[in-house]
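The sequence lines fix the lettering, A, B, ..., with proteins before strands; numbering per chain opens at 1. None of the values given here were measured: they were computed from a predicted structure.
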Number of protein chains: 2
Amino acid sequence: MVSIEKAIQQKEFKDPKNKLIVNLLYTHSYLVTQQNSLFKPYGISPEQYNVLRILKGQKGKPITVSSIQERMLNKMSNASRLVEKLKIKGLLKREECPTDRRQVDISITEEGLELLEDLQIQVDKFNKNFVSLSDEDVTKLNQLLDDLRG
Amino acid sequence: MVSIEKAIQQKEFKDPKNKLIVNLLYTHSYLVTQQNSLFKPYGISPEQYNVLRILKGQKGKPITVSSIQERMLNKMSNASRLVEKLKIKGLLKREECPTDRRQVDISITEEGLELLEDLQIQVDKFNKNFVSLSDEDVTKLNQLLDDLRG
DNA sequence: TACATTTAGATGTATATACATTAATTACAT
DNA sequence: ATGTAATTAATGTATATACATCTAAATGTA
């Protein structure tokens, strides 16, 4: 195991709370770097995957850009631009909302669903593999992260 | 407390390991959003702060760009560009390394140190405030994150 | 020495976040 | 009904990551 102290060549932390902030930032970066490798062969980014997952969860029912935004993991994501990228790739379609012409109805295409079919399997595999803690530790870690934001 | 399920409007997760991945991504985003507000008045980004901290830790001894890179929280950071931004702001200086003309000696300026003086206090305050868990829970959380990468 | 290899740093491009602003449309209040 | 406010999505700009490529300089070897 590579300690953070070693990874960033810092002798020690001011206190455990400061270390926790660094630990979160470092662990996130560690995760995301590996996620990128996973997604790369599929031609989409983790954020674009997030959008596709949201669309698939709609089970055919269209959703607006702002609703996608609200459901994203990172609330600062720019759903409008991510949607545009995915549209160019043919993974979703955009239609004018009939009841409100400001809104746009977004839904996943057959191609989008096909891409997810394989990719989701790989993501699940990756997640299972990445998290090699005991069930108990996973639950505890989830709990503590929830508490941290509490 | 806002559960992730509510925050991203997802009914449930496939399993706790999948939830943990999402939890990490979501908690990170939650943290970074608040960090950005903290740094904004100081005119530097969290990443630029990371560079300045590394330089301050050198206690006057210059350091190369690649060494900065190695010590950064996100190993994919582009230290060369971050250094350039900080140089423009007068917070660090770049000097040609006498023993190897490929390398560049970076060191923090008096202005950089002055900026850190106040900012570090605010960062410590923020961290203490952000992490409102018990000492025991902080230690446990640090441990579990370490294990996760183990 | 001469040439190939490696290393350090800079730079180009694509993607994404952060935040402000704009245009079009809808809702609301008078 | 009309003017104002609010909402939706798009867009502009700055910062940063991700990854490839380039140049200059150092290193290593025949």
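At the heavy-atom level, Thr64(A) lies under 4.0 Å from the strands shown only through sugar-phosphate atoms. Within the nucleic acid shown, Asn78(B) comes within 4.0 Å of at least one base atom, counting heavy atoms only.
Counted by atom type alone, Tyr42(A) and Asp118(A) present one or more donor-acceptor pairs between their side chains at under 3.5 Å. For the residue pair Asp15(B) / Asn18(B), a side-chain donor-acceptor distance below 3.5 Å is found, with atom types taken as modelled.
To the nearest angstrom, P of dT8(D) lies 19 Å from CD of Glu95(A). Distance CD (Glu96(B)) to P (dA24(D)): 14 Å, rounded to an integer number of Å. If you measure from atom CG of Leu82(A) to atom P of dA18(C), you get 12 Å, rounded to the nearest angstrom. Summarising the geometry, the separation between NE2 on His28(B) and P on dA18(C) is reported as 9 Å, rounded to the nearest angstrom. At whole-Å resolution of the value, NZ in Lys89(B) and P in dA14(D) are 13 Å apart. Distance, Gln35(A) CD to dT17(D) C1': 14 Å, rounded to whole Å. Here dT17(C) presents its P atom at 18 Å from NZ of Lys40(B), a figure rounded to the nearest Å. Following rounding to the nearest Å, Lys75(B) (NZ) and dA18(D) (P) show an atom-to-atom distance of 13 Å.
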Got a list of side-chain donor-acceptor pairs under 3.5 Å for residues 54-64 of chain A, not counting sequence neighbours?
residue: Lys56(A); atom: NZ; partner: Gln120(A); partner atom: OE1; Å: 2.8
residue: Gln58(A); atom: OE1; partner: Arg71(A); partner atom: NH1; Å: 2.9
residue: Gln58(A); atom: NE2; partner: Lys61(A); partner atom: O; Å: 3.3
residue: Thr64(A); atom: OG1; partner: Ser66(A); partner atom: OG; Å: 3.4
residue: Thr64(A); atom: OG1; partner: Ser67(A); partner atom: N; Å: 3.2
residue: Thr64(A); atom: OG1; partner: Ser67(A); partner atom: OG; Å: 3.1

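Taking 4.5 Å as the limit, some side-chain heavy atom of Pro98(B) sits within range of a side-chain heavy atom of Asp105(B). Two residues are said to be in side-chain contact when any heavy atoms from C-beta on lie closer than 4.5 Å; Thr33(A) and Ser29(A) meet this criterion.
Side-chain nitrogen and oxygen atoms of Ser66(A) include none within less than 4.0 Å of the OP1 or OP2 phosphate oxygen of dT7(D). The shortest distance between the side-chain N/O atoms of Arg94(A) and the OP1/OP2 oxygens of dA10(D) is below 4.0 Å.
Residue-to-nucleotide proximity on DNA chain D shows that, of Ser80(A) and Met76(B), the 5′-proximal contact is made by Ser80(A). For the pair Arg102(A) and Ser37(B), both in contact range of DNA chain C, the more 5′-proximal nearest nucleotide belongs to Ser37(B). Closest-nucleotide positions on DNA chain D for Thr99(B) and Asp100(A) were compared, and the one nearer the 5' end corresponds to Asp100(A).
The residue from Val51(A), Leu115(A), Leu52(A) that alone fulfils the side-chain contact (heavy atoms from CB on, under 4.5 Å) condition with Ile108(A) is Leu52(A).
Within 3.5 Å, a donor on the side chain of Arg81(B) pairs with an acceptor on the base of dG12(C), or the reverse.
A salt bridge does not link Glu12(B) with Lys19(B): none of the charged nitrogens is closer than 4.0 Å to a carboxylate oxygen.
Contact check of residues 46-55 of chain B against DNA chain D (heavy atom, cut-off under 4.0 Å) returns Glu47(B), Gln48(B).
Checked against dA10(C), dA18(D), dA25(D), the side chain of Arg101(B) finds its nearest nucleotide in dA25(D).
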